[in-house]
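Let me begin by presenting the structure, written as structure tokens, before commenting on it.
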Amino acid sequence: MTLIMRGRLRYAAVSAAAILGAWASGRGAAAEPAPPYRDLLAQAQSSAPRLAEAEAGVRQAQGLARQAAARPNPTASVEMENFNGTGPYRGTGVAETTYSVGLPVELGGKRGARIAAGRAGVDAARARLAQARADYAFELAAAYAEAEAAERRVTLAQESLTLAEEDLRAARALVEAGKEAELRSLQAQAGVTSARAALDAARTARASAFARLTALSGSPTLFTALSESLLPRPTPENLERTIDALSVPAVVAAQAEREAAARRVRVERTRAVPDVTVSAGVRRFSGDDASAVVAGVSVPIPVFDQNRGNVNAAQGELLAAEARLNAARLDAEAELRTALFQVEAAQSRVAAAGETEATAAEAYRLTRLAYEAGKSPLVELTNARRALAEARTQTIEAQLQRLRAEAGLARLQGRAPFGVS
């Protein structure tokens with residue numbers, strides 16, 4: 001049997017062992033797979049802490065809006081005069097007892113301003129929730145894709161280790177045959193050590209990626225595998241490419257917050273108008289065994305407190321909200337200018353990476369045949385193997401960047417990526 005035939009048989013045996021080992025480990029890891037992205041996003045609506053916070057903000061705003069519509073409570077009072085004194089006022093024989101009810105009357109449109117501010121607060125909270133959902137869908141898609149990329153990097157590292165070990169066997173065979181110096185065997189051994197270290201690093205990165213995906217989704221169990229592959233999916237031909245900057249969720253939320261801040265300025269201005277308290281009741285004269293009606297009106301005099309500080313504070317809050325709105329618009333315009341270009345560039349990069357990987361694979365195959373035949377040095381084989389590993393890594397990175405670009409475009413459009421409704 002020739003040296004080339006022995007090398008090919010060893011390569012096939014090692015490759016089969018690696019595939020079986022990966023299949024066995026994959027079966028063990030499939031005990032807790034993450035569901036498909038569409039299902040995971042649907043499940044996270046009720047379990048993700050980030051979305052729960054935004055939903056709680058809506059409930060808080062709704063409670064404040066209900067409270068804003070409440071009217072002031074009436075006041076009941078009982079007063080007794082001219083009793084337990086001296087002379088004719090001993091005891092309660094000539095006491096005067098007054099039973100009255102007072103009702104505050106809000107002036108200046110206070111209640112209407114509060115109701116409008118409460119509704120604006122609910123609208124702002126709902127806009128923030130919509131923004132949070134779009135941002136979360138993007139982050140979950142990125143985490144899902146990163147977990148898949150980490151898994152593929154582990155597979156790539158395992159393949160690189162297998163190739164490095166086969167290169168070592170081939171180098172040792174050539175050294176034993178007297179066709180290579182012992183230095184070539186040592187160099188090949190160093191390549192195996194480096195490949196093993198890269199595999200350990202890839203496994204660590206995979207564990208980190210799956211841990212992040214688990215935490216982001218709010219799952220109580222740790223994901224160790226994926227049930228759907230996102231990276232190889234092609235870009236949809238009917239990808240929506242028309243986006244209005246004013247419809248970007250961040251801009252919509254900033255606009256709603258600006259409107260809510262303007263409503264709060266109106267609320268503080270109405271509070272500077274004094275309220276009137278109207279009272280009416282009955283007074284009982286014990287000495288004459290008679291009764292009479294009493295009525296009154298009280299109005300505070302705004303000499304010291306005219307609510308100017310709260311008005312100024314609300315105006316400052318409005319200015320800050322307007323600044324955030326302007327910043328959100330500028331950011332949205334900048335992101336929109338680059339989002340579509342990023343998608344198109346990512347598509348081109350994926351195509352180029354695929355061609356580069358195919359070329360590198362063929363170059364490695366030819367270089368390996370030449371090395372086993374003694375027609376090529378080990379350094380060329382090592383360089384070809386590294387070029388193949390880098391090309392495969394570039395393919396993974398290109399697919400990952402394309403997915404992030406598509407998900408980022410969907411985030412700007414206020415929708416979940418990949419056609420998820």
Side-chain angles (χ1 to χ4, degrees), residues 55-128 256-321:
E55 291 173 353
V58 173
R59 289 193 293 270
Q60 178 188 15
Q62 290 173 340
L64 293 175
R66 286 193 298 270
Q67 183 61 36
R71 297 180 182 275
N73 292 321
T75 301
S77 63
V78 178
E79 296 182 4
M80 180 176 287
E81 304 176 19
N82 303 330
F83 69 98
N84 287 344
T86 60
Y89 300 104
R90 291 182 181 273
T92 58
V94 294
E96 298 178 5
T97 305
T98 304
Y99 305 91
S100 64
V101 175
L103 180 62
V105 179
E106 293 183 305
L107 302 179
K110 291 184 178 63
R111 183 169 179 269
R114 289 200 310 270
I115 293 175
R119 291 174 180 172
V122 173
D123 293 340
R126 288 174 177 169
R128 288 192 295 269
E257 291 176 350
R258 187 267 173 204
E259 181 64 23
R263 297 291 184 178
R264 286 191 290 272
V265 172
R266 173 60 181 165
V267 169
E268 296 301 334
R269 285 175 175 170
T270 60
R271 287 179 179 173
V273 179
D275 294 335
V276 175
T277 301
V278 179
S279 61
V282 177
R283 176 168 296 177
R284 175 65 179 173
F285 300 92
S286 299
D288 298 331
D289 193 19
S291 300
V293 176
V294 294
V297 176
S298 63
V299 180
I301 302 175
V303 176
F304 304 109
D305 184 5
Q306 298 179 358
N307 205 42
R308 292 178 180 175
N310 289 333
V311 172
N312 292 336
Q315 290 174 339
E317 182 183 4
L318 175 59
L319 292 176

Shortest non-hydrogen contact between [X] and [Y], atoms and distance:
X: Ala124; Y: Ala260; result: CB-CB, 4.4 Å
X: Leu107; Y: Asp275; result: N-OD1, 3.3 Å
X: Pro74; Y: Pro104; result: CA-CD, 4.4 Å
X: Thr270; Y: Gly109; result: CG2-O, 4.0 Å
X: Ala292; Y: Phe285; result: CB-CE1, 3.9 Å
X: Ser100; Y: Ser77; result: OG-OG, 2.6 Å

I'd like to know whether [atom1] of [X] has more than 12 heavy-atom contacts from other residues, nucleotides or ligands below 6.0 angstrom.
X: Tyr99; atom1: OH; result: no
X: Arg119; atom1: CZ; result: no
X: Glu81; atom1: CD; result: yes

task: Just jot down the side chain to side chain contact (heavy atoms under 4.5 Å, CB included) partners of Thr92, sequence neighbours excluded, or say none.
output: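 Testing Thr92 for side chain to side chain contact (heavy atoms under 4.5 Å, CB included), a comparison that skips the adjacent residues, returns Phe83, Ala95.
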[X] side, atom [atom1]; [Y] side, atom [atom2] - distance, nearest 0.5 Å:
X: Glu96; Y: Ser286; atom1: CD; atom2: OG; value: 8.5 Å
X: Glu106; Y: Arg271; atom1: CD; atom2: CZ; value: 9.5 Å
X: Arg283; Y: Glu79; atom1: CZ; atom2: CD; value: 7.5 Å

Glu268 bridged to Arg264 by N-O distance under 4.0 Å: no
message: Applying side-chain contact (heavy atoms from CB on, under 4.5 Å) to Arg258 and Leu318, what does each step give before you reach the verdict?
response: CA-CA 6 Å; Arg258 187 267 173 204; Leu318 175 59; 3.9 Å; yes
Test item: Arg114 side-chain N/O and Ala68 main-chain N/O as donor-acceptor pair under 3.5 Å: yes
message: Tell me whether Arg111 contacts the main-chain N or O of Ala69 through its side chain, where contact means a donor paired with an acceptor under 3.5 Å.
response: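 A pair under 3.5 Å: yes.
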task: For the pair Arg263 and Val267, evaluate side-chain contact (heavy atoms from CB on, under 4.5 Å) and give the outcome as yes or no after the intermediate values.
output: CA-CA 6 Å; Arg263 297 291 184 178; Val267 169; 5.7 Å; no
query: Do Glu257 and Glu317 come within less than 4.5 Å of each other through their side chains, counting heavy atoms only?
result: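 A side-chain contact under 4.5 Å is absent here.
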